[in-house]
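Naming convention: chains lettered A, B, ... in sequence-line order (proteins, then strands); numbering from 1 in each chain.
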Protein chains: 2
Amino acid sequence: MGRKKRQKPRNASTELRRFYTEHQRMPSYREAATLFRYRSPNAITYWVNRWTTTGIVRRDRTGRLLPGPALAPIRLLGNVQAGFPSPAEEEHIDTLSLDDWLVGNREASFMLKVSGDSMVDAGIQPGDYVLIDRGRTPKKGDIVIAEVDNEWTMKFFEKRGNRIVLRAANRRYPTIVPHQELKIAGVVTSVIRKYK
Amino acid sequence: MGRKKRQKPRNASTELRRFYTEHQRMPSYREAATLFRYRSPNAITYWVNRWTTTGIVRRDRTGRLLPGPALAPIRLLGNVQAGFPSPAEEEHIDTLSLDDWLVGNREASFMLKVSGDSMVDAGIQPGDYVLIDRGRTPKKGDIVIAEVDNEWTMKFFEKRGNRIVLRAANRRYPTIVPHQELKIAGVVTSVIRKYK
DNA sequence: TATTTTATTGTACATTCGTACAATAGTCAA
DNA sequence: TTGACTATTGTACGAATGTACAATAAAATA
């Protein structure tokens, strides 16, 4: 039969991950054959057998492909200062995606980029991103997105006696005691800083 | 025919998202029928038709289910201080997952929980998580995980003349000039803080 | 060189899949 | 009560899928 030079699929994990994130599913054997330039879907059967041993893919009930552990998201290891962690003592957030880990209530969540310096003393800097949960009712000490004088800002939600006050985590900003009704857009559930 | 009380599937998005994150694929029509307690896969065909209009699901080439925009991850909106953003002016990280956004090089990445206070002046606090890229070569100004005196710490990577120095972002810690060879585990690519 | 191992192709088949079609019961408003 | 609309069930069919089997070329090894 006509036959191409042998190849052995290069960076299978990368290609498969790309397909998975692009299509939100794993390829069929025939699609994978196309992807890796094979003429027969059976070439994929051949490779799937070793990919399962290396954890790149798994099979579901009907034999279809699923992403294996090696395609899975980020691992959470131990602490920085407590000495460098050995892979043995990994915490097991392994299987969880950052999305699931950070976003509890998807429908009610959104993200903002921080541009002021009113929260620097709380370690939130301009350029950071904050995840907001719209649905949550703020507790004392929470960081909230609130409307003050027709402007939305990020402040600590606190109480003085029975009154609610909004405190900035920057000595240069005053604490605000809202007169009338107070609009709160949501509670900050996490902060993300991304270095280039 | 025997028939159950009418139901109209409740929180379809939640159920479907649960299935998708658990199985890493969308259900077949028959599986979805089981999931929502229907006796006929055709009940799902019926509902898929309206789920596609509300963006909960999409169909692929062969009619199989894919997660729709409404099942998709977090949206990135505008800036905090620049006034509260209208949904119109969303940046379009919509379709991107936090994982993809934060983790460039999956194989070479891992996560650490910060336990020291050596970087507080850079806004990295004890309890924060840092994502590390093993593969990247550190540039001046990067935050790195380095081995100093048989202990791993997080420091700014800088240069004095031709020498590499490791500087803490906390006035109480000294700057370190490594004598011999310097082991660097990776470069910090992002910081994540999670409030309870 | 000869031999073994590894990689690729093609075909065929049972299984699973989505969906078209038809029937009918539940719900609601007039 | 009647009629219109909505929701559910069952069946059947063509298309797509994973895989078993067999053949064989390419590369590695002796």
Side-chain angles (χ1 to χ4, degrees), chain A residues 1-20 22-71, chain B residues 1-20 22-71:
Chain A
M1 324 169 201
R3 173 175 303 233
K4 71 172 167 180
K5 281 240 180 74
R6 311 172 96 193
Q7 59 168 21
K8 195 186 250 186
R10 291 275 157 214
N11 36 25
S13 355
T14 309
E15 289 296 326
L16 290 171
R17 175 150 42 230
R18 195 204 314 283
F19 190 102
Y20 185 69
E22 189 181 332
H23 294 82
Q24 274 140 328
R25 61 174 177 84
M26 291 294 272
S28 72
Y29 283 55
R30 281 162 183 83
E31 284 172 329
T34 307
L35 186 61
F36 293 109
R37 300 176 201 289
Y38 284 109
R39 285 224 269 271
S40 165
N42 240 345
I44 300 303
T45 307
Y46 179 85
W47 284 107
V48 162
N49 281 327
R50 43 202 71 191
W51 289 341
T52 46
T53 68
T54 51
I56 293 179
V57 298
R58 294 175 295 140
R59 277 184 255 243
D60 80 355
R61 176 174 51 87
T62 58
R64 294 176 131 80
L65 297 184
L66 288 181
L71 291 189
Chain B
M1 325 172 201
R3 173 175 304 235
K4 69 172 168 179
K5 281 240 178 75
R6 312 173 94 193
Q7 59 168 21
K8 195 187 253 187
R10 292 273 158 215
N11 35 25
S13 352
T14 310
E15 289 297 327
L16 290 171
R17 175 149 42 227
R18 195 204 313 283
F19 190 103
Y20 186 69
E22 189 181 331
H23 294 82
Q24 274 141 329
R25 61 173 177 84
M26 289 295 271
S28 71
Y29 283 55
R30 282 161 182 84
E31 284 171 329
T34 307
L35 186 61
F36 293 108
R37 300 176 201 288
Y38 285 108
R39 286 224 268 271
S40 165
N42 240 345
I44 300 303
T45 308
Y46 179 84
W47 284 106
V48 162
N49 282 326
R50 42 202 72 189
W51 288 341
T52 47
T53 68
T54 51
I56 294 180
V57 299
R58 292 175 297 141
R59 277 184 255 245
D60 80 355
R61 175 175 51 87
T62 59
R64 294 176 132 79
L65 298 184
L66 289 180
L71 291 190

**Q.** Counterpart residues, side chain to side chain donor-acceptor pair (under 3.5 Å), relative to Thr45(A) (two or more places apart)
**A.** Asn42(A)
Q.
Show the nearest heavy-atom pair for residues Asn49(A) and Thr52(A), with the distance to one decimal.
A. O-OG1, 2.8 Å
(Q) I need the minimum non-hydrogen distance between Pro27(B) and Ala32(B), along with the two atoms involved. (A) CB-N, 3.9 Å
Length of the [atom1]-[atom2] vector between [X] and [N], whole Å:
X        : N       : atom1 : atom2 : answer
Met26(B) : dG18(C) : CE    : P     : 11 Å
Tyr29(B) : dA20(C) : OH    : C1'   : 13 Å
Asp60(B) : dG18(C) : CG    : P     : 9 Å
Tyr38(A) : dA7(C)  : OH    : C1'   : 7 Å
Ile44(A) : dT8(C)  : CD1   : P     : 9 Å
Leu66(B) : dG18(C) : CG    : C1'   : 14 Å
Trp47(A) : dT9(C)  : CH2   : C1'   : 15 Å
Arg25(B) : dT17(D) : CZ    : C1'   : 13 Å

Q.
For the CD1 atom of Ile56(A) and the CZ atom of Arg17(A), what is their distance to the nearest 0.5 Å?
A. 9.0 Å
Q | Pairs where residues 50-61 of chain B contributes a residue and the test salt bridge (Lys or Arg N to Asp or Glu O under 4.0 Å) is met, not counting sequence neighbours | A | Arg25(A)-Asp60(B), Glu31(A)-Arg61(B)
(Q) Restricting to side-chain contact (heavy atoms from CB on, under 4.5 Å), what partner residues turn up for Ala33(A), sequence neighbours left out? (A) Tyr38(A), Ile44(A)
Q: Can you pull out how bent the helix from dT1(C)-dA30(D) to dA30(C)-dT1(D) is, comparing the axes over its first five and last five pairs, to 10°?
A: 30°
Ignoring backbone atoms, test whether [X] places a side-chain nitrogen or oxygen under 4.0 Å from the OP1 or OP2 oxygen of [N].
X        : N       : value
Arg50(B) : dA7(D)  : yes
Tyr46(B) : dT6(D)  : no
Arg39(A) : dG10(C) : yes

Q.
The side chain of Thr45(A) is closest to which nucleotide in this list: dT6(C), dG18(C), dT19(D)?
A. dT19(D)
Q) With a 4.5 Å limit on heavy-atom distance, are the side chains of Leu66(A) and Val57(A) in contact? A) no
Q: For the residue pair Pro67(A) and Met26(A), establish whether any side-chain heavy-atom pair is separated by less than 4.5 Å.
A: yes
Q | Protein proximity profile, nucleotides 11-16 of chain D - base contact B, sugar-phosphate-only contact S, no contact -, cut-off 4.0 Å on heavy atoms | A | B----S
Q. For Tyr20(A), which residues count as a ring pair (Phe, Tyr, Trp, His ring centres under 6.0 Å) partner, sequence neighbours excluded?
A. none
